[in-house]
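Read through the structure below, which is laid out as structure tokens, and then see the notes.
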Amino acid sequence: MTVINEDAGVASAGQGSEGVETPFQRFVSDFTESKIAVVSAFVVLAIVFIAVFAPLIAPTDPYDLSIVTVADKTMAPGAVMQSGQIAHMGTDGSGRDLLSGMIYGLRISLGIGIGSAVVALAIGVVVGLIAAYAGGRVDSVIMRLVDMQLSFPAILIALVLLVTLGKGVDKTLFALIVVQWAYYARTVRGSALVERRKEYIESAQCLALSKARILYRHLFPNVLAPLIVVGTMQTAHAIALEATLSFLGIGMEQTEPSLGSLISNGFQYIHSGHYWISIFPGLALLFTIVSINLVGDRLRDVLNPRLAK
Amino acid sequence: MTVFIIRRLMQAAVVVFFMSFLVFSGVFVIGDPVDILISDEADEEDRERAIAALGLDKPFHIQYLRFLGKALQGDLGESFIFEEPALLLILERMPATMELALFALLLAVVLGIPLGMWAGLKPDSVAAKSIMTGSILGFSLPTFWVGIMMMMLFAVMLGWLPSTGRGETSEIFGLEVSFTSWDGIRHLLMPAINLSLFKLALVIRLSRAGTKEVIHQDYIKFARAKGVSRNRIILVHVLKNIMIPVVTVIGLEFGGLVAFSIVTETVFAWPGMGKLLIDSIGLLDRPVIVAYLTIIVFLFVIINLVVDILYSILDPRVRLQEMKA
Amino acid sequence: MAGSNGSVPTLDVENLQTYFFTKAGVVKAVDEVSFSVQPGKVLGLVGESGSGKTVTGFSIMGLVDEPGRIAGGHIKFRGEDLVGASEDRWQQLRGNQIAMIFQDPMMTLNPVLRIDTQMIEAIQAHENVSRDEARQRSRDALGQVGIPSPDERLKAYPHQFSGGMRQRVSIAIALLNKPDLIVADEPTTALDVTIQAQILYEAQKLCKETGTAMIWITHDLTVVAGLADEVAVMYAGRLVEHGSVDDVLDKPLHPYTHGLIGSVPSRNKRGKPLEQIPGMTPSLLNLPPGCAFKTRCPRADAACETAPDVTKPDGGHRLLRCHHPHLDELAEVPA
């Protein structure tokens, strides 16, 4: 540690300043000040790892109908299935290994959550920047639409869409994107408007840089910080919303169960004492959402200079 | 003020019209209810008679115009399943949902404002930190999951509270209510707490942020310099200032509570409009779905309107701006 | 109302130390400050922003908030030491016998409460009177400070008043319970000059008529010249010079006071460059030892590395804290 610091000191001494951190280094040192945030960040990484490598990690393939048999249904955690495998977290109502089901479910939940957030972010950024930069009529039309949409709760809009479109991965993804884009658009427009009034944009305009260049090379990097924060929080929101929709039976198909669908299945067994079928996927969902939120919380504290001490 | 209200009313009407079109055209595309409603053994003639009776043979725009025309007269179609007017079905279930939502709102305000103010007044205390951790959890945990956990703990394991249903009800001013009897309250308690958690977390955050901001204002110090007691400063000077954002948000969130009651009602089998909607979706009972969504959009628009007006009453500065505008 | 016994000062501050215990270190916002105010007299407390004037005012009101606290000294109000007094006692005194007027009139009134609410509560906090009576007194107080149609104005909200009117309202609130001491923290800084003059005139009249003692905190020497009986000059948390207004303004002894007076533009300095005090007020956090003014002082030398003690340069009641005062001023005979 000391060695690295000395190196940095020597390197920067040549440039006539000492101990200057890059913005990224400062961000990392600020972020790691909170132990909870560091632990959460590791949990998030672990969850992403599990989701990406689900087929390698999961003990069985829950979609492989040749292994899954109804004879294994609702077995308690630790029981041995027909295939000889131990079901560490028990089996669900159709005889699938719950742990494997959860790992695959996590994959779907996370995929939909992150996927919808990324697409919504892209749409929101473009629309928000256009609104902020064009101003006038374009801005007021876009923002009226955004305000109108945001005056309805997300769940209601998603419900309307899924009721009309039907179940499925693609439809759920679409609904979640429609629900989220407005948040990003509002965030981007808000901070872009603040940035636009600053002198560096004026000087860029004086240099006769193209509009697109000003938007993406000058404006966009400066609205990135709030965007990262909103993006993190929205991802957690999207995962929770997807789980809720699947629980209501209007999100994912039962053939591709997300964590929400698993909980929903388990809910039917809650009175018959088969607690694990809904508890374990529930805990997985809980850890995912809470750790992403805690990371987001910390990011907001670190990235938002207005809230800094 | 009047101009302001009229303008808002017109905006509201446009939103309702737009949303009803969206909902109706969306629902029109969903699966064919004919297959579900008419038994396979029915002959072709029976089928056609049924389709004509339900108006399903007409082109889309005719169906929509008919729907709109009737909607303006308060007729939102007839349920395929119950063969009753959809509006009536929903209105029958509405008191249960409203009771649940209002009770949840009450819990959120009555618990949230004091907790949030406490956390704002003593931000470094253990209590404040616990309150804030709780509110983070309240924000991030999905309602349905918390509902299942509550049911498992208090109903299945401990057996303290009934797990589902509404319990004993009685009639007040022609409305079925359940808070008048002990049995009714026992049934109401868990769903209401479940529904309120998210809003409770929100109210706590708002109250805390408001308190922290207001407490450092000069006018609070000036009030202290007048010799006004600490209690009066907190209960009058601070509370009245933080009430403005809290009331606005709470008002706006009431619609959210009604919407989210869909989830809570499904978990606790609470016989409200939300559960009716989910049941109708399962049964492809198109008129009920459309009626529900139309009503809830209408409800939302009205709530937003009322909150705007309420806001201008609470904050004298807004009122001035309105007068100038 | 005010103590008629001239020998007991309304307020006697001795060696007041108000420190802020921050994470970065101890900020000695007020350090070893002593002064007293007689009934009916006005003390002008002068200094730059950050010199500790406002904290001195808040200390007298018992309104120093965490992480600050009174670390030492005495605040004797009509003989009673208020340092260490209970919060209840403070509450009895505040707004009743000791009142304060704040600097920024736009911020001192609660925006969501009507003027009558904010006035009546100030009366009812100290006296068991009916709302109607309290309202009547509030109305009279508004009239007294020159607010037209006070009956209507009572029902208004603060945002319906201009800055000058709001400051009149806060002054009216300060006067409601006929206090023995008023701490006025730059009450006219945010106002127009004409309104400032009216308020100064009324303040002076009030002191003379009712025997109210007043501490007028300001950075404006011209205000002090017209209003105060005595003046105390603060620099970096300490009093550097204290005396009657005539003595201090005509014959400033401390180089800082000298500089302050030199930097006031006036007619007989027309055409000459204004003197200025170079540099800025030092940070009160971890103040270096010695005289705090030494870095900006034209007369500083090695002796200034030790903190100067309080001296009595003319043997009278003038007080000074400097190693190299302008003693030549004392010898000069004013024309």
Side-chain angles (χ1 to χ4, degrees), chain A residues 36 144-145 147-167 233 236-237 239-250 259-260 263-264 266-267 269-273 275 278-279 281-294 296-297 307, chain B residues 11 14-15 18-19 22-31 132-133 136-137 139-149 151-152 155-157 163-164 198 252-253 255-260 262-263 265-267 274 277-278 280-282 284 286 289-290 292-293 296-297 300-301 303-304 307:
Chain A
I36 296 177
R144 188 151 293 180
L145 195 67
D147 284 345
M148 199 186 91
Q149 188 183 324
L150 291 182
S151 71
F152 291 92
I155 189 164
L156 196 65
I157 294 173
L159 200 91
V160 171
L161 288 169
L162 287 171
V163 163
T164 50
L165 299 174
K167 291 195 219 177
M233 299 296 209
H237 255 125
I239 293 172
L241 187 54
E242 182 278 322
T244 304
L245 293 167
S246 295
F247 171 76
L248 292 177
I250 53 175
L259 289 176
I263 299 171
S264 173
F267 184 52
Y269 298 95
I270 194 170
H271 290 282
S272 46
Y275 64 91
S278 59
I279 287 265
L283 287 176
L285 181 71
L286 183 73
F287 272 106
T288 311
I289 293 171
V290 171
S291 54
I292 295 178
N293 266 328
L294 288 173
D297 238 27
L307 294 174
Chain B
Q11 278 175 14
V14 172
V15 172
F18 181 72
M19 287 299 282
L22 213 69
V23 166
F24 188 86
S25 54
V27 172
F28 188 81
V29 193
I30 325 186
M132 291 322 290
T133 311
I136 290 180
L137 286 181
F139 259 125
S140 28
L141 302 185
T143 307
F144 77 94
W145 187 81
V146 179
I148 293 174
M149 289 304 118
M151 187 191 275
M152 211 174 246
V156 179
M157 287 167 67
S163 63
T164 54
F198 190 85
L252 285 171
E253 293 291 328
L257 277 175
V258 175
F260 254 95
I262 297 170
V263 179
E265 286 176 14
T266 307
V267 174
L277 173 74
I278 295 297
S280 304
I281 290 170
L284 286 182
R286 195 198 296 172
I289 301 172
V290 173
Y292 175 89
L293 294 177
I296 202 154
V297 166
F300 256 89
V301 168
I303 287 168
N304 289 354
V307 169

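Within every chain, numbering begins at 1; the chains are lettered A, B, ... in the order of the sequence lines, protein sequences first and strands thereafter. Worth saying up front: this structure is predicted, and the values here are computed from it rather than measured.
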Side chain / backbone / both / neither for [X] at chain B, heavy atoms under 4.5 Å:
X        : answer
A/Leu161 : neither
A/Ala243 : both
A/Leu159 : side chain
A/Ile250 : side chain

(message) Let me confirm one number: the CG-CG distance from A/Leu156 to B/Leu293, rounded to the nearest 0.5 Å.
(response)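 Separation between the atoms: 6.5 Å.
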
(message) Just verifying a value: how many Å separate A/Phe247 CZ and B/Thr266 OG1, rounded to the nearest 0.5 Å?
(response)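 Taking CZ in A/Phe247 and OG1 in B/Thr266, the distance rounds to 6.5 Å.
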
(request) Walk me through it: do B/Val263 and A/Leu248 pass the test side-chain contact (heavy atoms from CB on, under 4.5 Å)? (result) CA-CA 7 Å; B/Val263 179; A/Leu248 292 177; 4.2 Å; yes

(message) List the residues meeting side chain to side chain contact (heavy atoms under 4.5 Å, CB included) with B/Ile136, not counting sequence neighbours, and say none if there are none.
(response) A/Leu294, A/Asp297, B/Ser140, B/Arg205

(request) State which residue, out of A/Leu283, A/Leu259, A/Ile279, fulfils the side chain to side chain contact (heavy atoms under 4.5 Å, CB included) condition with B/Trp145. (result) A/Leu283

(message) Apply side-chain contact (heavy atoms from CB on, under 4.5 Å) to residues B/Ile148 and A/Ile263 and explain how you reach the verdict.
(response) CA-CA 9 Å; B/Ile148 293 174; A/Ile263 299 171; 3.5 Å; yes

(message) The criterion is ring-ring contact (aromatic ring centres under 6.0 Å, His included); which residues satisfy it with B/Phe198, sequence neighbours excluded?
(response) B/Phe139

(message) Which atoms of B/Ile278 are under 4.5 Å from chain A, going by heavy atoms: the side chain, the backbone, both sets, or neither?
(response) side chain

(request) Tell me, for B/Leu137 versus chain A, whether the close heavy atoms (under 4.5 Å) come from the side chain, the backbone, both or neither. (result) side chain

(request) Determine the minimum heavy-atom distance between B/Pro142 and A/Ala240, stating which atoms define it. (result)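 Looks like CG-CB, 4.2 Å.
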
